[in-house]
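This structure is a prediction, so every number in the text was calculated from the model and none was measured.
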Amino acid sequence: MVDKISQSALTKQVKDKIPDDETITDLAELFKVFGDATRAKIISCLEVKDLYVGELAEILGMSISAVSHQLRVLRSAKLVKGTKEGKEVKYSLDDNHVAMIMECGLTHIHEAD
């Protein structure tokens with residue numbers, strides 16, 4: 001009987017500390033956006049320097065339309081933002097959290113090295 005009560009208390013303790021289902025779903029969606037190699041490359045480029053679509057396309061060896069599509073996905077996830085400069089839009093990371101997420105991921109990957 002004591003084990004059952006302890007298990008119930010443990011279950012409540014853990015459930016009280018984890019994010020709600022909606023937050024977990026939003027987090028999973030965010031990580032899905034990071035789960036595409038092209039989008040990760042775009043984010044990596046924008047960590048170095050703010051760039052125009054054409055510059056990103058040239059760096060990545062992709063078409064402008066393909067890069068634009070990925071930038072739309074990144075913008076909708078609030079990972080990048082665009083600033084109109086004349087007739088063109090220059091892209092940058094939305095905030096420093098995006099770079100922090102990338103750096104944490106890279107640190108984790110390189111731990112095994």
Side-chain angles (χ1 to χ4, degrees):
M1 187 74 158
V2 174
D3 287 340
K4 190 131 180 118
I5 293 170
S6 298
Q7 189 62 41
S8 177
L10 174 65
T11 299
K12 182 177 177 359
Q13 177 188 19
V14 172
K15 281 187 172 185
D16 288 347
K17 295 199 186 233
I18 62 173
D20 61 51
D21 288 347
E22 183 179 347
T23 301
I24 290 290
T25 299
D26 290 346
L27 182 62
E29 290 299 318
L30 174 67
F31 282 118
K32 280 183 191 176
V33 175
F34 279 98
D36 178 88
T38 299
R39 291 192 289 266
K41 286 179 188 177
I42 291 171
I43 291 170
S44 293
C45 290
L46 296 176
E47 279 187 278
V48 176
K49 182 177 179 14
D50 297 353
L51 297 163
Y52 297 104
V53 169
E55 294 171 326
L56 282 163
E58 185 176 333
I59 291 165
L60 300 172
M62 296 174 61
S63 70
I64 288 174
S65 66
V67 172
S68 293
H69 170 73
Q70 297 302 337
L71 285 167
R72 276 192 296 279
V73 173
L74 291 167
R75 273 197 338 225
S76 70
K78 297 183 180 132
L79 296 174
V80 303
K81 61 184 174 187
T83 305
K84 189 100 166 149
E85 291 188 0
K87 292 183 178 185
E88 293 195 68
V89 177
K90 190 172 246 187
Y91 289 90
S92 62
L93 298 181
D94 192 70
D95 60 34
N96 67 335
H97 294 109
V98 180
M100 290 170 56
I101 293 167
M102 288 292 286
E103 293 306 314
C104 285
L106 290 169
T107 299
H108 181 73
I109 289 166
H110 294 300
E111 279 180 343
D113 292 347

Pairs meeting criterion salt bridge (Lys or Arg N to Asp or Glu O under 4.0 Å) with involvement of residues 8-22, two or more places apart: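 Those involving residues 8-22 are K12-D16.
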
Does anything in residues 32-53 pair up under salt bridge (Lys or Arg N to Asp or Glu O under 4.0 Å), and if so which pairs, sequence neighbours excluded?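 Found E29-K32.
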
Rounded to the nearest 0.5 Å, what separation is found between the [atom1] atom of [X] and the [atom2] atom of [Y]?
X	Y	atom1	atom2	value
T38	L56	OG1	CG	11.5 Å
I42	L71	CD1	CG	5.0 Å
K78	L30	NZ	CG	11.5 Å
I43	Q70	CD1	CD	10.0 Å

Could I get the full list of side-chain contact (heavy atoms from CB on, under 4.5 Å) partners for I59, not counting sequence neighbours?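 So I59 forms a side-chain contact (heavy atoms from CB on, under 4.5 Å) with C45, L51.
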
With V48, which residues qualify under side-chain contact (heavy atoms from CB on, under 4.5 Å), at least two apart?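 Checked V48 against side-chain contact (heavy atoms from CB on, under 4.5 Å); zero matches.
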
Looking at residues at least two apart in the chain, or sitting in another chain, which of them share a side-chain hydrogen bond (donor to acceptor under 3.5 Å, both in side chains) with [X]?
X	value
S65	S63
R75	Y91
D26	none
H97	D95

What pair of heavy atoms forms the shortest contact from V33 to A77, and how long is it?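 Looking at all heavy atoms of both residues, the shortest contact is CG2-CB, 3.9 Å.
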
Can you name the nearest heavy-atom pair linking A40 to M102, along with the distance?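 Looking at all heavy atoms of both residues, the closest pair is O-CE, 3.6 Å.
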
With a 3.5 Å cut-off and sequence neighbours excluded, list the donor-acceptor pairs that the side chains of residues 80-90 form with protein atoms.
residue	atom	partner	partner atom	Å
E85	OE1	Y52	OH	2.6

How about L79 and V73: do any of their side-chain heavy atoms sit closer than 4.5 Å?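 No, their side chains stay 4.5 Å or more apart.
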
Would you say the side chain of L74 lies within less than 4.5 Å of the side chain of V98, judging by non-hydrogen atoms?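 A side-chain contact under 4.5 Å is absent here.
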
side-chain contact (heavy atoms from CB on, under 4.5 Å), that's the test. Do H108 and C104 meet it? Break it down for me. CA-CA 6 Å; H108 181 73; C104 285; over 6 Å; no

side-chain contact (heavy atoms from CB on, under 4.5 Å) between E55 and E58, worked out: CA-CA 5 Å; E55 294 171 326; E58 185 176 333; 5.8 Å; no

